[in-house]
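As structure tokens, the structure follows; a few thoughts come after it.
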Amino acid sequence: MVTTTHSPIIEKAAGAGGPSYSAEFLRVKAMAERGVANAQHSLGFMYFNGQGVEQNFELAAAWYRQAANAGLEHAQYNLGVMYQKGQGVDLDYQEAAHWYQLAAEQGYAAAQYNLGWLYAKGQGIEANTERAMYWFSKAAEQGDAGAQNNLGMMYDTGKGVPQDFRQAIMWYRKAAEQGYARAQFNLALRYENGQGVAQDPGQALSWFRKAAEQGYAAAQFNLALRYDKGEDVAQDSEKAVKWYTLAAQQDHVSSQFNLGLIYDNGHGVPRDEQKALQWYRRAAEQGHAAAQNNLGLRYAHGQGVPQDYVEAEQWFRRSAEQGFPAAQHHLGALYENGQGVVQDQQEAIFWYRKAADQGHLRAQFDLGLRYEAGQGVPQDYRKAMGWYLRAAEQDYVAAQYMLGLLFDNEAGPAPDTVRANEWYRKAAEQGHTLAQFTLALRYDNGQGLPRDFGAALAWYLKAARQGHARAQLNAGLMFMWGQGAAADVEQAYRLLAMAERGGAPGAAKYLQQCAARMDATSLALARSRPELLTLA
């Protein structure tokens with residue numbers, strides 16, 4: 001960070017009764033040409049700012065140089081800034097360091113601060129954290145807020161000095177109390193994390209707010225997060241959007257992405273696909289991997305934009321190459337299906353594996369499917385089982401069910417009915433319909449489990465609730481025959497009617513048998529009010 005203020009020693013403002021800038025320029029120019037250093041510096045200032053004369057950086061630098069050569073620290077500093085920024089002179093960090101050094105040795109705080117930065121970054125001079133620390137300390141002791149903040153950061157990170165959170169806090173506070181936004185933000189983080197100071201969410205919030213109100217984007221983002229999640233403040237989506245927007249307009253990429261999510265999901269604001277797309281795109285163009293992935297999804301699904309797999313592939317690839325696992329999986333799916341790219345099973349496997357190695361559950365599952373089927377890879381049940389297992393152990397329900405099937409498979413790598421049932425149960429307890437139906441069959445037939453009609457009926461009913469026609473049929477038969485529960489022909493009729501509508505083989509025949517057992521009143525009630533089905 002460079003201080004860029006160009007302050008003249010002689011500065012007169014136009015106003016009632018005072019000289020105009022043009023007249024002042026002529027007066028100062030005459031003095032400068034007579035060799036008055038302060039006037040030379042002020043003339044440089046006037047050329048730099050176009051005050052009383054047309055702006056001209058080259059002439060500004062020339063007059064600053066004359067004053068600087070005369071030893072005027074203000075001019076030495078301003079000339080250093082011009083070399084550091086390449087204004088009116090060729091950019092030259094070595095020259096910048098030279099002029100800052102001369103001003104700094106005269107005690108000029110802003111030059112000491114900028115010289116500290118050059119030492120810290122190794123620009124124009126060899127990087128030297130000890131010298132950076134020395135010059136930051138000199139400026140900080142004179143009350144330079146930027147230097148005080150940088151000292152705090154050096155103590156915070158242990159860069160150039162032993163790490164000392166208390167010293168960091170002291171310097172952050174000195175700068176923060178002068179209104180220096182970055183120090184206010186850093187102080188807020190320390191109160192938030194309890195580093196060097198007792199953890200205090202209220203103080204953290206207060207300092208985040210002070211920095212945010214000065215336009216510091218990172219603080220605005222942190223404040224928005226709190227309103228978004230209701231942390232340390234009452235949840236307030238309107239205020240969250242306000243602070244995210246202020247930060248996003250300064251190209252704060254995480255704020256842009258979060259705004260995209262908010263408008264995408266309608267979280268506290270009306271859902272707006274176009275605003276979501278706008279903010280995802282702005283974040284994506286800055287390289288935000290999750291935003292790139294979400295933008296790819298928009299193009300893949302034609303959501304808010306015309307469907308375009310070629311465009312989707314480009315955004316998925318940019319995200320995937322940053323290592324974002326969801327994008328790697330999506331890119332793999334494009335290659336698998338030949339969408340926006342030439343179909344290539346090997347490339348699909350490559351990207352699935354990239355995502356799977358990072359723990360992406362769907363990618364692990366998809367790799368398991370491909371090894372089991374021999375699609376794009378040699379068929380290998382053991383590798384299939386390995387990938388299913390990695391996903392299943394993280395409660396990926398489809399993988400749990402497929403593990404059950406693999407352990408059930410006599411041709412599989414390790415047939416084991418008991419383990420099959422364990423995985424079916426895990427999937428069933430998460431609501432997997434086929435696993436619920438399979439577990440019910442196991443209890444019904446006593447396959448690897450003690451025969452238990454009550455347990456069978458309970459699992460059939462869970463699957464029946466989710467529309468599984470064969471589960472509806474079997475549950476209906478159990479109620480009709482009184483297996484697992486007391487016989488209940490009305491309940492049986494309703495279940496069998498559902499099974500018939502779902503196309504379960506034999507349901508129509510059993511429905512007729514059930515109807516034959518019912519009196520006219522019960523049958524009419526069951527037919528007129530099928531929605532009254534109550535599943536135990």
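Any value given below was found using the heavy atoms of this structure, including those in side chains, with hydrogens, waters and symmetry copies removed.
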Could you tell me if D444 and N474 have a donor-acceptor pair between their side chains, going purely by distance under 3.5 Å? no
V489 and C514 have their tightest heavy-atom pair at O-SG, 3.4 Å
- Would a distance-only check, ignoring hydrogens and angles, find a side-chain to backbone donor-acceptor pair under 3.5 Å from T438 to L434? yes
- Query: Is the shortest side-chain N to carboxylate O distance from D366 to R362 below 4.0 Å?
  - Reply: yes
Under 3.5 Å side-chain donor-acceptor pair for E372 and Q379:
no
| said: Between F208 and F185, does the ring pair (Phe, Tyr, Trp, His ring centres under 6.0 Å) criterion hold? Intermediate values first, please. | reply: CA-CA 6 Å; F208 278 137; F185 174 74; 5.7 Å; yes
- Query: Any chance the side chains of Y227 and D236 put a donor and an acceptor closer than 3.5 Å?
  - Reply: no
#### Entry: Side chains of Y443 and D452, donor plus acceptor under 3.5 Å
no
- Item | N-O pairing of R317 and E313 below 4.0 Å | yes
Q) Just checking, any donor-acceptor pair under 3.5 angstrom between side chains of N337 and Y309? A) no
* Q512 (side chain) donor-acceptor with A508 (main chain) under 3.5 angstrom -> no
Side chain to side chain donor-acceptor pair (under 3.5 Å) filter on H252, not counting sequence neighbours, yields S255
Using 30° and 60° as the class boundaries, would you call the ring planes of Y460 and F437 parallel, tilted or perpendicular? tilted
* To do: Answer yes or no: is there a donor N or O on one side and an acceptor on the other, between the side chain of Q250 and the main chain of G215, under 3.5 Å?
  => yes
Problem set entry | Under 3.5 Å side-chain donor-acceptor pair for S254 and Q256 | no
From the list Y352, Y371, F365, side chain to side chain contact (heavy atoms under 4.5 Å, CB included) with W387 holds only for Y371
Using the six-membered ring wherever Trp is involved, compare the ring planes of H329 and H360 and label them parallel, tilted or perpendicular (cut-offs 30° and 60°). parallel
Exercise. So, does D272 use its side chain to make a donor-acceptor pair with the main chain of Q274 at under 3.5 Å?
Worked result: yes
How about CZ on R271, more than 12 heavy atoms from neighbouring residues, nucleotides or ligands closer than 6.0 Å, or not? yes
Pair K239 + D228: basic N to acidic O under 4.0 Å: no
Main-chain N/O of G448 paired with N421 side-chain donor or acceptor, under 3.5 Å: yes
For A290, the side-chain contact (heavy atoms from CB on, under 4.5 Å) test, sequence neighbours excluded, returns F257, H288, F324
* Short N-O contact, D395 and K426, less than 4.0 angstrom -> no
**Whether Q286 side chain and D251 backbone form a donor-acceptor pair below 3.5 Å** = yes
Original post:
Is any side-chain N of the basic residue among R494 and D488 closer than 4.0 Å to the acidic one's carboxylate O?
Top reply: no
Please answer whether the main-chain N or O of E130 pairs with a side-chain N or O of N128 as donor and acceptor at a distance below 3.5 Å.
yes
In terms of heavy-atom contacts, N149 and A183 come closest through OD1-CA, 3.2 Å
On a heavy-atom basis, the closest approach of R425 and L439 is CA-CD2, 3.8 Å
Any donor and acceptor pair, going by atom type alone, linking the side chain of E336 with main-chain N or O of D344 inside 3.5 Å? no
Check your understanding: With distance as the sole criterion, is a donor-acceptor pair present between the side chains of Q328 and E321 under 3.5 Å?
Key -> no
So, does N445 use its side chain to make a donor-acceptor pair with the main chain of L441 at under 3.5 Å?
yes
ask   = Quick check: does any side chain N or O of D156 sit under 3.5 Å from a backbone N or O of G152, one acting as donor and the other as acceptor?
value = no
